[in-house]
Protein chains: 2
Amino acid sequence: MSKKQTYSIGELAREFDVTTRTIRFYEDQNLVNPARRGQTRVYSPADRVTLKLILRGKRLGFSLAESRELIQMYQPSGDNRNQLLALQDKIQQRREQLNQQLRDIQALQQELDDADQRCEDALTALEKPDHV
Amino acid sequence: MSKKQTYSIGELAREFDVTTRTIRFYEDQNLVNPARRGQTRVYSPADRVTLKLILRGKRLGFSLAESRELIQMYQPSGDNRNQLLALQDKIQQRREQLNQQLRDIQALQQELDDADQRCEDALTALEKPDHV
DNA sequence: CGCATACTTTACGTTAACGTAAACTTCCCC
DNA sequence: GGGGAAGTTTACGTTAACGTAAAGTATGCG
């Protein structure tokens, strides 16, 4: 009982809440390459994972080129020493960027908390306009 | 001895590693509004903070419109009840988005660690091509 | 004074990431 | 067999966020 799972473009579009145009565009950019049954595209689980990675990248503000790079990082492509070292270098750079993003998020969270608190204060001040 | 600190556009551009064009563009978008001494723009510490917030937003993948919204959140603008509630709602939405980004970052960090480990393995495998 | 440096305005150009429209094929269903 | 739903190709349009170039002004300096 093999998995044999495949997906139509519409299914994936619904699942990830994007348009079919978007998915075809990603194919145009060589980010995903579905099989064909006649004219119709047939997507594999691997394609689906790739889509997921792209959309996660988007949520983090990555360009498609950056996401492509990241995806390729997961397949070391049996390289030579220099390529492996270069890859590690890129990985390290990404790590540092992610750490920066972490710091940014924490700072922003703190500020949102403060802003929320000010709202709260303003609201309670509205309920008792004076000192009562 | 008042602070009286001001900045030229070039100073800010150098500090934040952006072009002066970029800073003028932000002014065009009403994100920052420097004073003028004659023709020349004179930036205040507040302008500088705004710039910082915009660039932090960019690192998190925010559009300028989103960063503008965030910046405005920090100045509740003595509103009425409904506006305050709407603001709290937006704050909450941002919080959820930030939490999603946190999860995305953690997943990505794990994958980078794995990829790095595979590089490491491939490199040591290169040093001893056989089992020695 | 002449020149460099830093500023200014105006305006057209560019890139990424799709949107949108038109015109077609395929398949299923009653 | 006439439609409707989902798929396809082709191609031009759009928006954000600046880049880039031209042409002018102000200021210090050797």
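Note: hydrogens, waters and symmetry copies are ignored here, and every other heavy atom, side chains too, is used. What you see is a predicted model, and the numbers here were worked out from it, not measured in a lab. In what follows, chains carry the letters A, B, and so on, assigned in the order in which the sequence lines appear, proteins first and then strands, with residues in each chain numbered from 1.
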Atom-pair distance (CD on B/E11; C1' on C/dC7), nearest Å: 13 Å
Geometric cation-pi criterion, B/R14 with B/Y7: 6.0 Å, 45°: no
Five-pair end axes of the helix from C/dC1-D/dG30 to C/dC30-D/dG1 and the angle they enclose, rounded to 10°: 0°
Backbone of B/R59 reached by a side-chain donor or acceptor of A/Q101 within 3.5 Å: yes
Pair A/E27 + A/R36, salt bridge at N-O below 4.0 Å: yes
B/P34 versus B/D47, closest heavy-atom pair with distance: CA-OD2, 3.6 Å
Between C1' of C/dT9 and CZ of B/R21, the distance in whole Å: 11 Å
Touch class at under 4.0 angstrom, heavy-atom based, for B/Y26 against every strand present: sugar-phosphate
Under 3.5 Å donor-acceptor, B/R94 side chain and A/L108 backbone: no
Any donor-acceptor N or O pair under 3.5 Å, side chains B/Q92, B/R95: yes
side-chain N/O B/R41 vs C/dT8 OP1/OP2, d < 4.0 Å: yes
Spacing of B/E27 atom CD relative to C/dT8 atom C1', expressed in whole Å: 11 Å
Under-4.0 Å side-chain N/O to phosphate OP1/OP2 contact, B/T20 with C/dC7: no
Within one Ile-Leu-Val-Met-Phe-Trp-Tyr cluster: A/L85 and A/L70, side-chain cutoff 4.5 Å: no
Test item: A/R56 side-chain N/O and B/A107 main-chain N/O as donor-acceptor pair under 3.5 Å: no
Nucleotide interval of DNA chain D bounded by contacts with chain A (heavy-atom cut-off, under 4.0 Å): D/dG7 to D/dA11
Contact nearer the 5' end of DNA chain C, comparing A/F25 with B/R24: B/R24
Phosphate OP1/OP2 of C/dT9: any B/R36 side-chain N/O under 4.0 Å: yes
Any donor-acceptor N/O pair, B/R48 side chain to B/Y43 backbone, under 3.5 Å: no
Upstream residue (5' side of DNA chain D) when B/K58 and A/G10 are each assigned their closest nucleotide: A/G10
